[in-house]
Amino acid sequence: MNLPFPNQLIEALKNATHIAVLTGAGISAESGVPTFREAQTGLWAQYDPQELATPQAFRRNPKLVWEWYAWRRELVAKAEPNPGHLALVALESKVPQFTLITQNVDGLHERAGSQAIIELHGNIMRTKCFENGRLVNSWPATNDVPPHCPHCGGMLRPDVVWFGESLPYEALETAVASTQTCDIFFSIGTSALVQPAASLPIKAIQAGAITVEINPQPTPLTTHVDYALTGSAGSVLPALVAAAFPPA
Ligand code: BV8
């Protein structure tokens, strides 16, 4: 791990007025939530997540897709925020403006205590009707898998953005706006492959922000950022925040 951190990066953090952060599945890896592209474990090893996370897959086999998300929901419910999530909460308290943009659907940033969260891809703990799009908090307990909407009888689905579906307009607009005004943009724990999220760090670079990537592996973004910090979010982030804002 890159210790000590470059002085210029530490100074930039200390003087930043607006920090924006994009996170991906990697920041939840140390909470025990498998990353999106890691081989799914056990029963799900035979499926490609990219194939399952689509409306076509849900129409073709609603039971399989519903059960995949039920398995993931259960796994996420047992997970706890890790030091990487908590370091972002600490960082948020140190700067005048902080924008946290996440591709993750696990809700761990919220459970860690982050405030300004933009969920680009929705949240696996919320459920909505596949037909009318309305959020549903409860439904009649039947043996139906997937269960049905109490309002229209349509099938229920997780409130996440599937491949081929548009991102929530407001969320994307706010995320793009933050790339234009932030002093520093972090890309943490993402393979930088999924669009349009992966275009956010590029927009920040074009707007003149200082850019930082935190990832144990190189990504298509690595050669474009100012600082590529090689390592896990759970160890690099706490060390970086402590270096820039030493405990009193
Ligand atoms: C859309 C929710 C308009 C569901 C997800 C250009 C423009 C627009 C669209 C496209 C485009 N080109 C292609 C498209 C289509 C598609 C796309 O991007 N395809 C890719 C694969 C080429 N995009 C879409 O369909 C988007 N829709 O743009 O609407 C539209 C409409 C119609 C037709 C066309 C366009 C919707 C995308 C959202 C899909 N939904 N999730 C669910 O979760 O089930 S995306 C999914 O991937 C997850 O949300 C995940 O967060 C996201 C990104 O993956 P990562 O987070 O990066 O995770 P990954 O496993 O890949 O990587 C983990 C990283 O962590 C690795 O780098 C690893 O090294 C690192 N790591 C591991 N351990 C650690 C760590 N890092 C730090 N610390 C550690 N300890």
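Counting starts at 1 for both ligands and their atoms, in listed order.
- Of the options Ala197, Ser187, Gly164, the smallest heavy-atom separation from atom 31 (C) of ligand 1 is shown by Gly164.
- Closest approach of Leu229 and Leu240 over heavy atoms only: CD1-CD2, 4.1 Å.
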Where do Arg157 and Glu165 land on the salt bridge (Lys or Arg N to Asp or Glu O under 4.0 Å) test, with the steps shown first?
-> CA-CA 14 Å; Arg157 57 165 284 181; Glu165 294 186 323; 2.8 Å; yes
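- Taking both residues in full, the closest heavy atoms of Pro150 and Ser138 are given as CG-O, 3.7 Å, listed atom of the first, atom of the second, then distance.
- Residue, atom and distance of the protein heavy atom nearest to atom 23 (N) of ligand 1 are Gln195 O, 3.1 Å.
- The shell of residues lying under 4.0 angstrom from ligand 1, judged by heavy atoms, includes Pro196.
- The minimum heavy-atom distance linking Leu156 with Pro146 is given by the pair O-CB, 3.6 Å.
- Between Ile27 and ligand 1 there is no heavy-atom distance shorter than 4.0 Å.
- Looking at atom 48 (C) of ligand 1, its nearest protein heavy atom turns out to be Phe36 CD1, 3.6 Å.
- Taking the side chain as every heavy atom from C-beta outward, Asp144 and Trp139 never approach each other to under 4.5 Å.
- The option from Thr219, Val194, Val236 that lies nearest to atom 47 (O) of ligand 1, judged by heavy atoms, is Val194.
- Between Met125 and Ala77, the closest heavy-atom pair is CE-CB, 4.2 Å.
- Side chain to side chain, Ser31 and Ser28 fail the donor-acceptor criterion of an N or O pair below 3.5 Å.
- In this comparison of Val161, Thr190, Ile214, the heavy atom closest to atom 55 (P) of ligand 1 sits on Thr190.
- Of all the listed residues (Glu213, His121, Glu119, Arg72), Arg72 holds the heavy atom that lies closest to atom 43 (O) of ligand 1.
- Distance from atom 20 (C) of ligand 1 to its nearest protein heavy atom, with residue and atom name: Leu193 O, 3.8 Å.
- The heavy atom nearest to atom 52 (C) of ligand 1, considering only Gln103, Gln50, Gln217, is found in Gln103.
- There is no protein heavy atom closer than 4.0 angstrom to atom 15 (C) of ligand 1.
- Closest to atom 56 (O) of ligand 1, if we only count protein heavy atoms, is Ala25 N, 2.7 Å.
- With sequence neighbours left out, the ring-ring contact (aromatic ring centres under 6.0 Å, His included) criterion links Phe58 to Phe130, Trp162.
- With hydrogens left out, the protein atom closest to atom 63 (C) of ligand 1 is Gly189 O, 3.8 Å, a heavy atom.
- Counting only N and O atoms by type, the side chains of Thr99 and His18 include a donor and acceptor under 3.5 Å apart.
- With hydrogens left out, the protein atom closest to atom 29 (O) of ligand 1 is Glu165 O, 3.0 Å, a heavy atom.
- Closest heavy-atom approach to atom 66 (C) of ligand 1 within the set Thr35, Thr222, Asn215: this belongs to Asn215.
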Would you please test Ser232 and Ser235 for side chain to side chain donor-acceptor pair (under 3.5 Å) and show each step?
-> CA-CA 6 Å; Ser232 71; Ser235 42; 2.7 Å; yes
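- Residue Gln103 comes nearest to Ala197 through the heavy atom pair OE1-CB, 3.5 Å, listed as atom of the first residue, atom of the second, then distance.
- Of the candidates Ser191, Ala233, Ser235, Ala233 brings a heavy atom nearest to atom 77 (C) of ligand 1.
- Among protein heavy atoms, atom 79 (C) of ligand 1 sits closest to Gly26 O, 3.2 Å.
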